[in-house]
Protein chains: 2
Amino acid sequence: MQNKLETLIDKHMSSLGATKVSLSSISSEELWQRSGRLEGRDSEFLRLQDRKGAKYLLSPTHEEEITEIVANAVNSYKDLPLRLYQVTRKYRDEARPRQGLLRGREFLMKDLYTFDTTEEQARETYDQVRKAYSAFFDELNLPYLVASADSGSMGGNLSHEYHLASANGEDNIISCKKCDYSTNEELYPGTLGPHELNHAKEANTDINTILTSTPFLSKDKETLFNVVTPRGSGPINTHLLKKLHTQPSIDTTLENAFAVWSALNKKSPDRPRMELQVIDGRLAHLNLSNPTGFTMTHLDLALTVPSETSTCPSCSSPSSLKISKAIEIGHTFHLGTRYSAPLNAQVLSSSNKLAPIAMGCHGIGVSRLLADAASQLMDSKGLNWPVKIAPFTTVVVAAPKAATEEDLARVYDVLAQEERVQQQQITEDGNRGSSSTVLDVTLDDRDRPLGWKLRDADLIGYPFIVVLGKAWKASGKVELQCRRLEVREEVSLEELGARLRELAKEL
Amino acid sequence: MQNKLETLIDKHMSSLGATKVSLSSISSEELWQRSGRLEGRDSEFLRLQDRKGAKYLLSPTHEEEITEIVANAVNSYKDLPLRLYQVTRKYRDEARPRQGLLRGREFLMKDLYTFDTTEEQARETYDQVRKAYSAFFDELNLPYLVASADSGSMGGNLSHEYHLASANGEDNIISCKKCDYSTNEELYPGTLGPHELNHAKEANTDINTILTSTPFLSKDKETLFNVVTPRGSGPINTHLLKKLHTQPSIDTTLENAFAVWSALNKKSPDRPRMELQVIDGRLAHLNLSNPTGFTMTHLDLALTVPSETSTCPSCSSPSSLKISKAIEIGHTFHLGTRYSAPLNAQVLSSSNKLAPIAMGCHGIGVSRLLADAASQLMDSKGLNWPVKIAPFTTVVVAAPKAATEEDLARVYDVLAQEERVQQQQITEDGNRGSSSTVLDVTLDDRDRPLGWKLRDADLIGYPFIVVLGKAWKASGKVELQCRRLEVREEVSLEELGARLRELAKEL
């Protein structure tokens, strides 16, 4: 299953002309110091020292390592573009590891790194990667969302997240029912589009047309909070605000905190007071002036919760938003020179000038994808694997007295021959190495009752079960079961292959 | 290449009915404490702590982890036999990492663990594993040696090493030219067979018929060493002895150290003296008595160097031994209850008694094998990959004016069709998943001169190069090159597939 998923990834990476590599899981602290990522937000490292006291960490990702390698191997624009990927274990010392493979401290990740001579070429590469990602997720046949996203600590300024719907998901994806707008909640900019918000400062826009100020008072009435968020981005997440400022806790019951504050002020002018201007993370780059003289607190979080009645910032349709719980399964980043500049990964351009390489990095959470596919499609009887990554597509089982060993072998052979024909076709189509669209088959010949085997097959989650039962004895037909599509029908051996191929398209 | 090697391993593991798993690279110190391996000889751990201070290590091997898992999953003899393997990264904080992949601190290893109800069944399993290992190494077509070996710190008492000849090797393999005797130098028992040596004690053999005592004196004449080794096992490795006892260093020039010592003794009876009885590691289990009253030092090393003039301990032929420098590439261990007992991995037997599981563990050094295959077969022009693990078996290149793009495509298609036919044959033979005997093909269509491409193909080490040059223009024949077999001949397209298959048998 993991093998099949990796083969599917190989196929789509190969469509990008990417070469597979395998970097060490161990990286030196010194390298991360040079990129500036050792301290700061990315501090969830598992660290170790060797017998000589040299300091290492278990890599959560490999921008530093691969940039260092490419810096030493590449000299000229003629050596580019270069696209390198791997599927290896990554490590993060999560504060709260949970839900098994969904958020573990050791996880399997596909990471692709792209290297181009110019920023423009890197952005073309970025678009190609996005297409390959969509083709990959399309082929998996799981409902997914693409959202523009925050680049976080990765650097760069162009980034998309790929999400699978998941009741266990930790992200809220905001999408519009009327247009193709889709974003992570953290980036939802309110009634103004991201463009307007980004350029409000430069355009000398009246700041009041893009911002909303909301006052809160602390319960001890010592501190006034003036919370500044993008206008129309939804009600303020006071739960989040409370978590950020536990001392003093915030009184959310006041109708007009500012009026209460002013009244208090008059009564006892000597009491110590705090006046805090809290700026929503999406406004950080606006460099807001502070006419109130309040102490400024810049957050790196969005402080509002958009609702389904909010207005789409792209097509301006009112009440058109949809909010979906989702889990991030892939991420594309345009990095620019975020790593190539500090790590001196440079090439000579065609005009003989030395310039840092324009990079991108693009991940897929392999173990997380398996876990989410499992939990998304399972029902009370067991798992249901997507046909492209099922351990086997079809299992053949027989009622003890309905079929002889020869019967079983005959049915198995029909399906195995079908598999060979498909394999042949794929090879001729030129998709070498991809066994992923083949309907493969296994035979459950264990010495157990039929009911036990059927329950076990349901539990394992084969997309198709082929049963040799009553119909086989009576008319030489097999019973084809597919739990996900609620199919249970008698099929002759001649029609079986075609019917499986037909149903497989929906799985 | 690594993929092909892993596929080949999968095929032979599957012949044993083994299931592929993937354990974490991180193990807890607590578990290793319980097995008793945290302290002691296996102290080359890379250790780490998480954010809560819990202690972990990067696993060099997985006996502890897998035994713990199986202990929790298996209850009855009906659940056995169980055979689990993985191909994952392992870690060892080597004192002297060197020679790249041959001895690194991070390496790729295949490890198979076997679980049986009885000791007898476990020994049958052991024999099956040995057969599968031989089949695997046979298929690789690299000259290898199998030697009976010391179990070291792994526990158990039945063990074999698989070695590839290697000028860089760290082991000396002693084998007999007349019989099938083969052993690691450390186990060479001298003129007595291992059986005689093992049972000498029980059989009340006169100890002097199986031992040799050799006296050495320290340079400061303070210490007398009486070195006890198996009789006929060769001259004493004084270099090793010196390394073990640097203070005081040993005088190897004395003809009769004991006589000198006795003389000294008489002259100055009050001087402090040491009398050391040094026992060769192969004799440790004999529990030798100490009539001399010397201080006993038991080594865990063999202290003699067999020579090619020594006698074979198996067939007793004189001067029949061969000593080969080799590198260990695989190891099979019968473990018995070494891990299952301390970690409580027990099953109910058919007679309803609870007993510890009988285990085995069996490794193949995957990255080391690639490195050794590379260094063993390379020549001044580049690498030479065994046909089963070459990145591609055949590369097609053309002289710029000798062939059109259509010509190239035609030759490529002939070889790709040949590949499909082979693939089909393998699938029909039932060896599903094994693409390892297929002669696959790639096309070098880069815009470079023919000479550059041929040098590059030599460097990469494709077993076969197919050139469209003069002969193609003149008579529609390709030039087939195989550097290892010194083949360079003109072949028609019709004969090409058959000729490649024929030559491939020797690679």
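So you know, we letter chains A, B, ... as the sequences are listed, proteins then strands, and number each from 1.
- At a threshold of 4.5 Å between non-hydrogen side-chain atoms, the residues A:Leu48 and B:Gln49 do not count as touching.
- Of the atoms belonging to B:Ile26, heavy atoms from both backbone and side chain fall under 4.5 Å from chain A.
- Judged purely by distance below 3.5 Å, without hydrogens or angles, the side chains of B:Ser24 and A:Arg105 never pair a donor atom with an acceptor atom.
- Of the two parts of B:Thr88, only the side chain, counted from C-beta on, holds a non-hydrogen atom closer than 4.5 Å to a non-hydrogen atom of chain A.
- Here the straight-line distance linking atom CD of A:Glu44 with atom CG of B:Asp50 works out to 12.0 Å at 0.5 Å rounding.
- Residue A:Leu108 does not touch chain B at all, counting heavy-atom pairs closer than 4.5 Å.
- Shown here are the salt bridge (charged side-chain N to carboxylate O under 4.0 Å, His left out) partners of A:Arg501, two or more places apart in sequence or in another chain: A:Glu418.
- Note that the CD atom of B:Glu106 and the OG atom of A:Ser25 stand 4.5 Å from one another [nearest 0.5 Å].
- Every residue two or more places apart in sequence or in another chain was checked for a salt bridge (charged side-chain N to carboxylate O under 4.0 Å, His left out) with B:Asp407, and none qualifies.
- Put simply, of A:Lys20, A:Arg89, A:Glu94, the one with the most heavy-atom pairs under 4.5 Å next to chain B is A:Arg89.
- With contacts defined as side-chain heavy-atom distances shorter than 4.5 Å, the pair B:Phe45/A:Arg51 does not qualify.
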